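Right, one structure below, let's go through it.
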Number of protein chains: 2
Amino acid sequence: MSEQLAFEAAFEAAGHRLTRPRRALAELIEARGGAFSAADLVSDARARRLGIGRATIFRALELLEEIGALDRINLPTGEHAYVPCSPAHHHHVVCRRCGRSVEIGDLGLSSLARDVARSTGYRIDEHRFELFGLCPDCLQAPTPA
Amino acid sequence: MSEQLAFEAAFEAAGHRLTRPRRALAELIEARGGAFSAADLVSDARARRLGIGRATIFRALELLEEIGALDRINLPTGEHAYVPCSPAHHHHVVCRRCGRSVEIGDLGLSSLARDVARSTGYRIDEHRFELFGLCPDCLQAPTPA
DNA sequence: GTTTTTGCAAACCATTTGCAGGGTC
DNA sequence: GACCCTGCAAATGGTTTGCAAAAAC
């Protein structure tokens, strides 16, 4: 399956209709190639005069998150962002400048969570680990600060 | 220094005025003993008829976060919450039922972040690790589900 | 007395919802 | 053709801001 079609495929695989707006959004997301906000998509869509409503965008994002094609994360600033992900992994390194993100594996975090459970007495149901910084490209760009 | 006064002290130590509303909020926060939302404080304040405006609450929270006395985290649901913290640590285990939270140390996450930096080429500036589940008390309570 | 802080109300921003029409299977 | 999906506009919920009065130092 072409990487280009990942999001379109995700809709279909999950039994949802592949409509024009959804196709268009899938493309926009792929074009972004990293983390983005709902507002980013709204303005992308507006810029390309796609005539897609805000509501549709939010609904599509919600759907893609349920499906597991996107993960909704929180930037250090507190804003929400969505990042593409394969269903299995759920940790990301996000470039705070361009939004490009890389998925990282479990890296022992699950067992670390188990240790914490043991030492605190909590039952741990969920954990989040997110890393922020600059991607290699942005590190070399003019104003990396 | 009495634990009771931690938040009042935080205001003063950072060179801010210790006003009646701030004192009151410090108490409310301490009374909560764990994670809470801005809305929680607003309703606590209203319930006790303290006559503190919403804006004041948000401003105080912002301030305490800047100072490092509170950490603003994101619950798995996407809602914002604030959790008390000592300036040095920045990882928490939060009970999704009662909000009680425990701080945990670095646990090797910094070095893990360094490993990720090495393998991805990103420069990592910041990381977040948050754990959610049920605290020991809530595990024993009637409806732990 | 000067400067910071407050409360109020209005503004703002992101996200959600109701609904009638349109598109997809 | 049935049901899902869309766009619009209005509602919502959370957070911020402007400003004159009040409190703190």
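For clarity, every value in this text was computed on a predicted model and none was experimentally measured. Proteins get letters first, then strands, A, B, ... in listed order; numbering begins at 1 in each.
Below 30°, between 30° and 60°, or above 60°: for A:Y82 and A:F36 the angle between ring planes is below 30°, a parallel geometry.
Side-chain N/O atoms of B:S37 and B:E79 include no donor and acceptor closer than 3.5 Å.
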Could you list, one pair per line, each protein nitrogen or oxygen that sits under 3.5 Å from a nitrogen or oxygen of nucleotides 13-21 of chain C, together with the distance?
from: C:dT15; atom 1: OP1; to: A:H80; atom 2: ND1; distance (Å): 3.3

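Looking only at side-chain heavy atoms (C-beta outward), A:L64 and A:L25 stay at 4.5 Å or farther from each other. Between A:L28 and A:R48, the closest side-chain pair of non-hydrogen atoms falls below 4.5 Å. Counting heavy atoms from C-beta on, the side chains of B:R96 and A:E126 never come closer than 4.5 Å.
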Fill in: salt bridge (charged side-chain N to carboxylate O under 4.0 Å, His left out) between B:R128 and A:E130, worked out
CA-CA 5 Å; B:R128 304 202 128 227; A:E130 274 142 23; over 6 Å; no
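Rounding to whole angstrom units, CD1 of residue A:I52 and C1' of C:dG23 are separated by 14 Å. Distance, A:F11 CZ to C:dG23 P: 18 Å, rounded to whole Å. Between the P atom of C:dT3 and the NE2 atom of B:H16 lies a distance of 17 Å, rounded to the nearest Å.
Nucleotides of DNA chain D that come within less than 4.0 Å of any heavy atom of chain B span, from the 5' end to the 3' end, D:dT15 to D:dC25.
Nearer to the 5' terminus of DNA chain D, by closest-nucleotide assignment, is the contact made by A:R17 (compared with the other of B:R20 and A:R17).
Between B:T19 and C:dT6 there is a side-chain polar atom (N or O) within less than 4.0 angstrom of OP1 or OP2.
Here the options are B:R17, B:R23, B:R20, the test is salt bridge (Lys or Arg N to Asp or Glu O under 4.0 Å), and the partner is B:E8; only B:R23 passes.
Of all heavy-atom pairs spanning A:H91 and A:G105, the tightest one is CD2-O, 3.7 Å.
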